[in-house]
Amino acid sequence: MLTCREDIIKERKAYAESFASQKRKILVCAGTGCIAGGSFDIHAELKRLMAENGLPCTVELSDDPHEHEESIGLKKSGCHGFCEMGPLVRIEPEGWLYTKVKVGDCKEIIERTIMKGEHIERLAYQKGGVVRKKQDDIPFYKKQTRLVLKHCGHIDATSIKEYIAVGGYTAFEKALFDMSPEGIVKTISDSNLRGRGGGGFPTGKKWSQVARQKSPVKYIVCNGDEGDPGAFMDRSIMEGDPHRMLEGMMIAGRACGAKEGYIYVRAEYPMAVERLRNAIAQAEEMGLLGDNILGSGFDFRIHINKGAGAFVCGEGSALTASIEGKRGFPRVKPPRTVEHGLFNEPTVLNNVETFANVPLIIMNGADWYKSIGPENSPGTKAFALTGNIENTGLIEVPMGTTLEEVIYGVGGGMRGGAEFKAVQIGGPSGACLTKDHLNIPLDFDSLKKIGAMVGSGGLVVMDSKTCMVEVARFFMSFTQNESCGKCVPCREGTKRMLEVLERIVAGNGEDGDIELLEDLADTISAAALCGLGKTAPNPVMSTIQYFRNEYEAHIYDKRCPAGACSKLKRIYIDPELCKGCSRCAKGCPVGAISGQVKTPFVIDEKKCIKCGACVSTCAFHAIKED
């Protein structure tokens, strides 16, 4: 138990020396993606093989550096980010990264790499015949600036000792003993840190509004209810570096005069919940959470609340209502959360990534932070890069990085050399960006000017085979399903928009449907109660704006230009290539093909269900799809 500042300084020095004394480390990725690929089994097998070979292995850091001088540290790290290459194993001190590791590879890793110091080329990342031994040399990592995600993949995600060893809780110590609450708020305000949950509201302004409230009871709430399709930035931080997020919340508590914090996390994130509970228990046991922390007189405790998976609970007032045990409905504002939030008390509400930035700013200063990225949107941003792109995974780049740099630099370009068509940014509340936007800087203000938003950080990349009408239908279906139903514009309006979109992709679009969608979108955006409803039409409006010709083709020509909508596919037989063998007619499940043997067969489009059975059956490639 640490009871004063001198205690944590002493422990930090001891843990840092122990961490440095581990000359050899094996870091097995224990993020959700790699766990699904068997990383826990890999960790267990490596441990077994080291024991079998008489190799000293330590899985927990000690405060005695002499215990680690000859041992090999075997660690369960957080997400490395390069998810599609998992399970990942990093070898230190060389910095080698082994990809797509299997349990069967463990014996070779121990015998060749650990015992002989040899690199295993077949497990290294390879592209275009070039082998990249070191993680830092892989273009996916080389072109990033990992600050918030710095520790993910480099320390044991379950160890407070390793977090302290690499400087963890130093910012909290500084905020506790060397800064006044007003000074902390000023530093965060001067840094111009903006909320990473989507809105981009100035964090320092929010903190100052809560700090000046006269109520003796205040709360710090962390929004970990990450619900956007394809987004997993917050999950990776909670799983891979939970103490950094806790530290940010603790600093916020000190700055605003709060004694309690709540983390609202999705129940679908069981690993994140487990890691957070473990981190809180470790901090309490060490004396960094609780009463009279480090003898400073500051009290602070953190609780976890699991959400049931309602997307609307990502909205502030719905989230706090859910923590209180009520149904997650948004409410009319004002009053704002900073005045009447959780349990009707002043509340700081920020998301996971925002809190994870706070220790960096307190340690390095506002000027350092503002030196990264554009002045009005400084710092870095984590993005979940998914879709039709070579390198998918979790990335972190400076704000202001262009879309082209993300897709072709970090992402490695389109998969299979396909043509880039669009990217959906900001999830269901965001918008589509096109080729014309490749040079747009990804920051709050630049995106707002073109009707888009950073959002939580989801980036879904699409190629020329993607139907943009179907993309709009997918996101509208998600939003309509997730509508809480409290207000009519969102509840009924999104339902009407979805019905129109479903009709269009089914080939039953009518003249005036585009104008109807635009009218509905205007009404919903203007009249919906909360942010979910107000932004629900964004994907539809942006696809109409940039791909109106695709809507028109669906409605008037009954054709999907991308060839993705099955109801609008046309399958026909080329009479020049048809040999009249009748195999296609025999294989058609609905009897849509007719003809005479040795003469060209024909397809009845009214009967055809577009199943494609005939296409695969024809040995002469006479049956075509468009």
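Small disclaimer: the values here were computed from a predicted structure and weren't measured.
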Trainee: Taking all atoms of both residues into account, what is the closest heavy-atom pair of L88 and Y141, and its distance?
Mentor: CD1-OH, 4.2 Å
Trainee: Could you measure the distance from the OG1 atom of T401 to the CD atom of E396? Nearest 0.5 Å is fine.
Mentor: 10.5 Å
Trainee: If you round to the nearest 0.5 Å, how far is CD1 of I440 from CD of E404?
Mentor: 12.0 Å
Trainee: Please report the closest heavy-atom contact between F620 and C581, naming both atoms and the distance.
Mentor: CE1-SG, 4.2 Å
Trainee: Working to the nearest 0.5 angstrom, can you tell me the gap between L501 CG and T543 OG1?
Mentor: 7.5 Å
Trainee: Salt-bridge test for K495 and E499: reply yes if a basic N is under 4.0 Å from a carboxylate O, no otherwise.
Mentor: no
Trainee: Is the closest side-chain heavy-atom distance between F547 and K421 below 4.5 Å?
Mentor: yes
Trainee: Kindly indicate whether the side chain of I623, heavy atoms from C-beta on, has any atom under 4.5 Å from the side chain of C584.
Mentor: yes
Trainee: Has D513 got a side-chain atom pairing as donor or acceptor with E510's backbone, closer than 3.5 angstrom?
Mentor: yes
Trainee: Can you check whether I524 reaches M497 side chain to side chain, under 4.5 Å on heavy atoms?
Mentor: yes
Trainee: V454 versus F383: any side-chain heavy-atom pair under 4.5 Å?
Mentor: yes
Trainee: To the nearest 0.5 Å, how far apart are CG in L149 and SG in C152?
Mentor: 5.0 Å
Trainee: Of the options L394, V406, V410, which is the one that meets Q144 in a side chain to side chain contact (heavy atoms under 4.5 Å, CB included)?
Mentor: V410
Trainee: Check whether D443 reaches the backbone of M399 with its side chain - one donor and one acceptor, N or O, closer than 3.5 Å.
Mentor: no
Trainee: Is it true that the side chains of T535 and N538 contain a donor and an acceptor less than 3.5 Å apart?
Mentor: no
Trainee: Please check if the side chain of T466 supplies one atom and the backbone of D463 the other of a donor-acceptor pair under 3.5 Å.
Mentor: yes
Trainee: Under 3.5 Å, which donor-acceptor pairs link side chains of residues 599-611 to any protein atom two or more places apart or in another chain?
Mentor:
unit_1, atom_1, unit_2, atom_2, d
T599, OG1, Q596, O, 2.6
D604, OD1, K606, N, 3.0
E605, OE2, R570, NE, 3.3

Trainee: Determine the minimum heavy-atom distance between G458 and M233, stating which atoms define it.
Mentor: N-CE, 4.2 Å
Trainee: Taking T479 for the side chain and F475 for the main chain, is one N or O donor matched with an acceptor at less than 3.5 Å?
Mentor: yes
Trainee: Looking only at heavy atoms, what is the nearest atom pair of P537 and G533, with distance?
Mentor: CD-O, 3.6 Å
Trainee: Do F478 and F311 have ring centres separated by under 6.0 Å?
Mentor: yes
Trainee: Below 30° counts as parallel, above 60° as perpendicular, anything between as tilted: where do the rings of Y125 and F82 land?
Mentor: tilted
Trainee: Can a salt bridge be assigned to the pair E625 and R559 using a cut-off of 4.0 Å between side-chain N and carboxylate O?
Mentor: no
Trainee: Taking K534 first and then E315, would you say they form a salt bridge - that is, a charged N and a carboxylate O separated by under 4.0 Å?
Mentor: no
Trainee: Work out which heavy atom in T380 is nearest to a heavy atom in T145; give both atom names and the distance.
Mentor: CG2-O, 3.8 Å
Trainee: Kindly indicate, with the supporting measurements, whether the criterion side chain to side chain contact (heavy atoms under 4.5 Å, CB included) is fulfilled by F420 and L438.
Mentor: CA-CA 10 Å; F420 169 74; L438 284 173; 3.7 Å; yes
Trainee: Give a yes-or-no answer on whether the side chains of N357 and T354 include a donor-acceptor pair shorter than 3.5 Å.
Mentor: no
Trainee: I would like to know whether C618 and R583 meet side chain to side chain contact (heavy atoms under 4.5 Å, CB included); could you show each step before the answer?
Mentor: CA-CA 7 Å; C618 183; R583 286 180 63 185; over 6 Å; no
Trainee: With a 3.5 Å distance limit and no angle check, can you tell me whether K486 reaches the backbone of P330 through a side-chain donor-acceptor pair?
Mentor: yes
Trainee: Test side chain to side chain contact (heavy atoms under 4.5 Å, CB included) on S377 and D445 and set out the steps.
Mentor: CA-CA 8 Å; S377 297; D445 298 330; 4.3 Å; yes
Trainee: Under a 4.0 Å threshold between the charged nitrogen and the carboxylate oxygen, would E268 count as salt-bridged to R235?
Mentor: no
Trainee: Has the side chain of K465 got a donor or acceptor atom that lies under 3.5 Å from a matching backbone atom of M462?
Mentor: no
Trainee: Can you find a heavy atom in the side chain of M453 that is under 4.5 Å from one in the side chain of I425?
Mentor: no
Trainee: For G427, is there any backbone N or O sitting under 3.5 Å from a side-chain donor or acceptor partner on Q424?
Mentor: yes
Trainee: Treating H437 as the side-chain partner and T434 as the backbone partner, does any N or O pair qualify as donor plus acceptor under 3.5 Å?
Mentor: yes
Trainee: Give a yes or no on this: more than 12 heavy atoms of other residues, nucleotides or ligands lie within 6.0 Å of atom NZ of K142.
Mentor: no
Trainee: Measure the spacing between CZ of R275 and CE of M245 and express it to the nearest 0.5 Å.
Mentor: 13.5 Å
Trainee: Side chain to side chain contact (heavy atoms under 4.5 Å, CB included), that's the test. Do R473 and E502 meet it? Break it down for me.
Mentor: CA-CA 7 Å; R473 189 212 61 80; E502 287 179 335; 3.9 Å; yes
Trainee: Of the options L319, I304, N223, I323, which is the one that meets Y262 in a side chain to side chain contact (heavy atoms under 4.5 Å, CB included)?
Mentor: I323
Trainee: When you compare the side chain of I514 with that of E518, does any pair of heavy atoms fall below 4.5 Å?
Mentor: yes
Trainee: Taking atom NZ of K448 as the centre, report whether more than 12 heavy atoms of other residues, nucleotides or ligands fall under 6.0 Å from it.
Mentor: no
Trainee: Report the residues that fulfil side chain to side chain donor-acceptor pair (under 3.5 Å) with K579, sequence neighbours left out, ordered by chain and then residue number.
Mentor: none
Trainee: Could you check whether any side-chain N or O of E353 sits under 3.5 Å from a backbone N or O of R196, counting only pairs where one atom can act as donor and the other as acceptor?
Mentor: no
Trainee: Under 4.5 Å between any side-chain heavy atoms of L568 and V505, yes or no?
Mentor: no
Trainee: Under 4.5 Å between any side-chain heavy atoms of I389 and I407, yes or no?
Mentor: yes
Trainee: Salt bridge check, R266 against D225: does any charged N sit closer than 4.0 Å to a carboxylate O?
Mentor: yes
Trainee: Taking atom CD1 of I504 and atom NZ of K558, what is their separation to the nearest 0.5 Å?
Mentor: 9.0 Å
Trainee: Please find the pair of heavy atoms, one from K381 and one from G455, that lie closest to each other, and give the distance.
Mentor: CE-O, 4.1 Å
Trainee: If we ignore hydrogens and angles and just use 3.5 Å, is the side chain of S39 paired with the main-chain N or O of C34 as donor and acceptor?
Mentor: yes
